[in-house]
Amino acid sequence: MTTHRALKDWIGKVAELTQPDDIYWCNGSVEEYDAMAEKLEAEGGFSRLNPETHPNCWLHRSDPTDVARVEHLTFVCTSKQEDAGPNNNWMTPGKARAKMESLYKGCMKGRTLYVIPYCMGPIDSPLSRCGVEVTDSTYVVCNMKLMTRMGKQALQRIEREGSFIKGLHSVGDLNPDRRFIMHFPEDLEIQSFGSGYGGNALLGKKCHALRIASYQARSEGWLAEHMLILGVESPEGKIHYIAGAFPSACGKTNLAMLIPPQIYKGWKIWTIGDDICWMRVGEDGRMWAINPESGFFGVAPGTAANTNPNALAMLDHDAIFTNVAVTEDNQPWWEGLDDRVPATDWKGNPYNPENGPAAHPNSRFTVHMSQCPSYSDKAEAPAGVPISAIVFGGRRERLVPLVMESHSWRHGVLMGASMASETTAANIDEVGVVRRDPMAMKPFCGYNFGDYWKHWMSFDGVSDKLPEIFHVNWFRKDANGKFMWPGFGENMRVLDWIIKRCEGKVGSLDTPIGNLPLPGDLNLEGITVPAATMEALLEVDTAAWREEISEIGKYLDSFGARTPESIKAEQKRVSEALTRA
Ligand code: GTP
Ligand code: SPV
Ligand code: MN
């Protein structure tokens with residue numbers, strides 16, 4: 001229980017509405033996690049994986065209709081529709097509350113109501129924020145333990161500070177027609193019903209740390225972003241921190257823990273975070289960042305010894321696997337892992353390739369970040385880490401070069417706002433269609449994108465030590481549909497160039513769309529990318545870019561009067577430069 005009056009009252013009201021059999025306040029201990037996992041096993045929601053190869057690892061199979069975020073059922077409920085913007089689904093707070101209340105009525109009968117106090121960010125960091133998630137899902141409790149600083153210490157901080165985000169979650173009956181993820185940014189509240197999956201249910205993650213936090217960040221002058229944070233340490237021991245925004249399932253986890261190729265002897269990548277980044281300009285004029293999370297909820301398919309060895313190394317103990325396949329001897333398995341043939345697919349049926357992939361394309365692992373071999377001790381630093389560069393990147397088969405540097409902060413904001421990417425299995429809708437995804441925040445910005453770009457632009461000139469902004473694309477394909485760039489660990493070569501640019505150590509080719517590497521400046525020692533492929537990866541197709549910049553202009557204009565003049569002016573500048581080119 002708690003001494004916090006408003007919290008106690010809220011829990012009382014929720015219990016009255018949802019009618020649980022009992023109420024349990026989570027303390028966050030290891031013993032509690034083990035007991036919860038065993039309880040979930042008894043409920044049929046967990047099964048133990050091979051204890052010899054994967055001690056303390058659990059398999060969870062979700063409802064087959066509940067396998068990803070549901071953007072079409074996710075709402076931002078501000079009093080005025082323009083404040084949510086065309087980038088969000090909107091409902092009046094009154095209507096949304098009434099709808100949710102009718103769904104919540106008696107929904108926890110026969111269940112336990114868990115109270116999860118949690119802290120997003122290092123427990124002693126002034127940049128951190130707390131919340132309380134109420135849920136009837138034991139699976140959510142287990143995941144929140146790994147993904148957030150959860151339990152006693154978080155509750156103490158809430159009692160000390162007074163304020164917290166209220167998150168109410170029930171799996172309901174998992175009926176997709178009775179599924180809604182509602183946000184009330186003006187009241188710092190989240191209500192989620194009918195899904196037990198990832199970002200729909202672990203409310204600290206996308207709901208709190210992005211949608212609500214981005215709304216707060218705007219009014220308080222900081223940034224809440226869908227970004228990984230990594231440190232690159234040179235052989236001399238100098239560390240540059242980089243934040244990178246890539247849309248869902250577009251490479252954040254992989255980049256965050258990459259292992260440099262052989263020729264980068266003495267270089268080291270440190271992982272701070274793989275999904276979310278909160279940043280604020282410090283007194284020294286630099287942008288300081290924390291990872292609000294404490295764990296990884298990563299995409300399983302494609303994770304292998306040759307792509308992401310660090311991820312594989314952290315997944316052989318104390319991890320949760322959701323919707324993966326299993327081998328005959330009960331080890332977790334997914335497409336791309338190795339050439340074994342699984343025995344059972346993600347639905348629990350005998351594996352038959354005719355039924356599609358063995359692991360769901362959005363199957364995931366949950367693991368505490370301390371298990372990552374490249375885990376940085378700075379991940380717990382209350383002040384965060386100073387960011388040297390911000391990198392935007394989408395999944396683009398064509399057009400967008402491997403890497404380019406923005407001309408300025410303003411141009412960098414335009415680059416971020418112009419991002420587009422092929423959609424992935426991380427959302428329930430169609431996969432593989434190119435859509436605009438500014439700053440990788442399309443599904444996560446808790447307010448009007450026009451206001452969001454204005455907020456980003458407001459940092460222009462506040463300091464001369466702001467991060468440099470870059471754009472990358474690992475996903476160019478050739479005429480045969482094959483990736484042109486080797487990616488994964490080899491992306492180190494691009495990070496290397498980015499750092500050299502930040503340090504002013506190399507020049508660049510100035511083009512209307514950005515500054516590109518000069519021939520020879522991108523280190524290609526030890527890889528065999530044909531010269532013609534490299535040329536194509538760094539080519540600027542002026543005619544195609546004229547079309548692209550015009551499309552970008554139309555997209556920016558679709559936000560009407562909320563689109564700031566500053567970003568329109570920047571679009572015009574690039575557009576005119578392309579006309580002259
Ligand atoms: P969310 O957790 O959904 O936010 O995704 P994420 O951005 O962390 O993506 P993740 O690193 O999990 O990668 C998603 C998929 O992209 C995986 O199947 C990876 O194997 C693949 N991928 C990651 N990096 C690269 C790369 O450099 N090249 C290629 N070709 N594929 C990559
Ligand atoms: C994403 O979709 O960007 C994820 C997974 O990181 S989820 O937690 O479901 O949002
Ligand atoms: Mn994500």
Side-chain angles (χ1 to χ4, degrees), residues 62 66-71 74 140 143-144 147-148 181 192 195-211 225-230 244-258 271 273-277 291 293 295-312 322-323 334-337 357 359-366 391-397 402-403 421-429 431 437 440-444 472-477 481-495:
S62 76
D66 185 31
V67 293
R69 285 182 294 98
V70 284
E71 290 174 19
T74 300
V140 166
N143 276 273
M144 286 292 282
M147 297 300 297
T148 71
I181 323 296
S192 165
S195 167
Y197 208 87
N200 299 335
L202 311 176
L203 302 186
K205 199 172 177 52
K206 298 308 188 355
C207 299
H208 176 168
L210 287 179
R211 297 194 191 95
E225 300 298 326
H226 190 204
M227 291 179 181
L228 68 99
I229 311 168
L230 60 76
F246 299 74
S248 301
C250 290
K252 288 182 300 300
T253 303
N254 279 266
L255 190 63
M257 53 191 75
L258 81 73
T271 308
D274 81 327
D275 200 49
I276 301 177
C277 166
N291 170 16
E293 301 188 282
F296 309 117
F297 183 66
V299 176
T303 307
N306 62 338
T307 57
N308 193 352
N310 271 338
L312 216 54
T322 303
N323 289 345
W334 48 81
E335 273 69 20
L337 175 60
H360 188 276
N362 192 38
S363 55
R364 301 248 168 188
F365 53 78
T366 319
V391 179
F392 293 118
R395 196 180 269 273
R396 295 292 293 271
E397 273 187 34
L402 178 63
V403 58
S421 195
E422 292 147 32
T423 53
T424 65
N427 178 41
I428 208 92
D429 288 342
V431 168
D437 193 349
M441 285 287 278
K442 167 69 189 69
F444 309 120
V472 302
N473 179 21
W474 316 140
F475 299 97
R476 280 286 284 278
K477 285 187 181 165
K482 278 192 65 180
F483 288 115
M484 292 160 72
W485 174 249
F488 301 102
E490 308 299 347
N491 293 332
M492 177 67 201
R493 298 163 191 276
V494 174
L495 297 182

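Whatever order the structure lists them in is the order used to number ligands and atoms, beginning at 1.
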Student: Could you check whether any heavy atom of R395 sits closer than 4.0 Å to an atom of ligand 1, since that is the contact criterion I want to use?
Tutor: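 Yes, R395 has heavy atoms under 4.0 Å from ligand 1.
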Student: With rounding to the nearest 0.5 angstrom, report the CD to CE distance, E397 to M484.
Tutor: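 Reported value, rounded in 0.5 Å steps: 11.0 Å.
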Student: Quick one: look up the protein heavy atom nearest atom 9 (O) of ligand 1 and list residue, atom name and how far away it is.
Tutor: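 Nearest neighbour among protein heavy atoms for atom 9 (O) of ligand 1, to 0.1 Å: G251 N, 2.9 Å.
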Student: Taking all non-hydrogen atoms of both residues, which atom of L210 and which atom of M441 are closest, and how far apart?
Tutor: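 What the structure gives for the nearest pair is CD2-SD, 4.1 Å.
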Student: If you measure from the Lys or Arg side-chain nitrogens to the Asp or Glu carboxylate oxygens, is any gap between D274 and K252 under 4.0 Å?
Tutor: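 The answer is no: the pair does not qualify as a salt bridge.
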Student: Compare every heavy atom of N291 with every heavy atom of I229, then report the nearest pair and how far apart it is.
Tutor: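 Heavy-atom minimum between the residues: CD1-N, 3.8 Å.
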Student: Tell me which one of T74, D437, N427 satisfies side-chain contact (heavy atoms from CB on, under 4.5 Å) with P443.
Tutor: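 For P443, the side-chain contact (heavy atoms from CB on, under 4.5 Å) test succeeds with only one of T74, D437, N427, which is D437.
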Student: What N/O/S atom of D275 is the closest to the Mn ion (ligand 3)?
Tutor: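 Nearest N/O/S atom: OD1.
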Student: Determine whether the side chains of N491 and R493 contain a donor N or O and an acceptor N or O closer than 3.5 Å.
Tutor: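 No, no side-chain donor-acceptor contact under 3.5 Å.
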Student: Between W474 and F483, which heavy-atom pair has the shortest distance, and what is it?
Tutor: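 Smallest heavy-atom distance, with atoms named: O-CD2, 4.3 Å.
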Student: Using a strict cut-off of less than 4.0 Å between a Lys/Arg side-chain nitrogen and an Asp/Glu carboxylate oxygen, indicate whether E293 and K205 qualify as a salt bridge.
Tutor: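 Salt bridge: yes.
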Student: Looking at R69 and S248, what are the two nearest heavy atoms and their distance?
Tutor: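 Between these two residues, the closest heavy atoms are NH2-OG, 3.0 Å.
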Student: Please name the residue in the list I428, N362, T322 that meets the side-chain contact (heavy atoms from CB on, under 4.5 Å) test with V67.
Tutor: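 Output: one option passes, namely I428.
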Student: If you measure from each non-hydrogen atom of S248 to ligand 1, which part falls under 4.0 Å: side chain, backbone, both or neither?
Tutor: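 Under 4.0 Å from ligand 1, S248 contributes backbone and side-chain atoms.
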Student: Suppose I only count heavy atoms of H226 and a 4.0 Å limit; which atoms of ligand 1 are within that range?
Tutor: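 Near H226, meaning under 4.0 Å from one of its heavy atoms, ligand 1 has 4 (O).
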Student: For atom 2 (O) of ligand 1, which protein heavy atom lies nearest, and how many Å away is it?
Tutor: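 Checking every protein heavy atom, the shortest distance to atom 2 (O) of ligand 1 gives R364 NH1, 2.7 Å.
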Student: What part of P247 sits under 4.0 Å from ligand 1 if we count only heavy atoms: the side chain, the backbone, both or neither?
Tutor: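 Backbone only; the side chain of P247 stays clear of ligand 1.
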Student: Checking the side chain of S192 only, and the main-chain atoms of I181 only, is there a donor and an acceptor separated by less than 3.5 Å?
Tutor: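 Checked: no pair found.
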Student: Using distance alone, determine whether W474 and ligand 1 share an N or O pair under 3.5 Å.
Tutor: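 Checking ligand 1 against W474, no N or O pair falls under 3.5 Å apart.
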Student: Please determine if T303 has a nitrogen or oxygen closer than 3.5 Å to a nitrogen or oxygen of ligand 1.
Tutor: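 No, no N or O pair falls under 3.5 Å.
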Student: Strictly by side chain to side chain donor-acceptor pair (under 3.5 Å), give each pair with a member in residues 297-308 just once, sequence neighbours left out.
Tutor: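 Non-adjacent pairs meeting side chain to side chain donor-acceptor pair (under 3.5 Å): zero.
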Student: Under 4.0 Å from ligand 1, counting heavy atoms only, is it the side chain of L228, its backbone, both or neither?
Tutor: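 No part of L228 comes within reach of ligand 1.
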Student: Please list the nearest protein heavy atom to atom 1 (P) of ligand 1 with its residue and the distance rounded to 0.1 Å.
Tutor: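 That would be A249 N, 3.4 Å.
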Student: Mind running side-chain hydrogen bond (donor to acceptor under 3.5 Å, both in side chains) on S363 and N323 for me, showing each step along the way?
Tutor: CA-CA 5 Å; S363 55; N323 289 345; over 6 Å; no
Student: Numbering the atoms of ligand 1 from 1, which are under 4.0 Å from a heavy atom of D275?
Tutor: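 Going through ligand 1 atom by atom, the ones under 4.0 Å from D275 are 4 (O).
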Student: Can a donor-acceptor pair be found between the side chains of S195 and D66 at a distance below 3.5 Å?
Tutor: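 Side chains of S195 and D66: pair found under 3.5 Å.
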Student: Answer yes or no for P301: is there a heavy-atom contact with ligand 1 below 4.0 Å?
Tutor: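 A heavy atom of P301 does come that close to ligand 1.
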Student: Once you measure the plane-to-plane angle for H226 and F444, does it fall in the parallel (<30°), tilted (30-60°) or perpendicular (>60°) bin?
Tutor: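 H226 and F444: perpendicular rings.
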Student: Flag D274 as yes when one of its N or O atoms lies below 3.5 Å from any N or O atom of ligand 1, and as no otherwise.
Tutor: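 No.
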Student: Exactly which residues line ligand 2, taking a heavy atom under 4.0 Å from it as the test?
Tutor: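 Close residues (ligand 2, cut-off 4.0 Å): R69, G198, G199, K205, K206, H226, S248, D275, F297, R364, A426, F444.
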Student: Heavy-atom distance to atom 32 (C) of ligand 1: which of F488, F483, W485 wins?
Tutor: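 Residue with the shortest heavy-atom distance to the ligand atom: F488.
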Student: Any idea which protein heavy atom is nearest atom 19 (C) of ligand 1, and the distance to it?
Tutor: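 For this ligand atom, the closest protein heavy atom is N254 ND2, 3.6 Å.
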Student: Below 2.8 Å, can you find an N, O or S atom of K206 next to the Mn ion (ligand 3)?
Tutor: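 Checking K206: at least one N, O or S atom is under 2.8 Å.
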Student: Provide, to 0.1 Å, the distance between atom 4 (O) of ligand 1 and the closest protein heavy atom, together with that atom's residue and name.
Tutor: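 Ranking protein heavy atoms by distance from atom 4 (O) of ligand 1, first comes K252 NZ, 2.8 Å.
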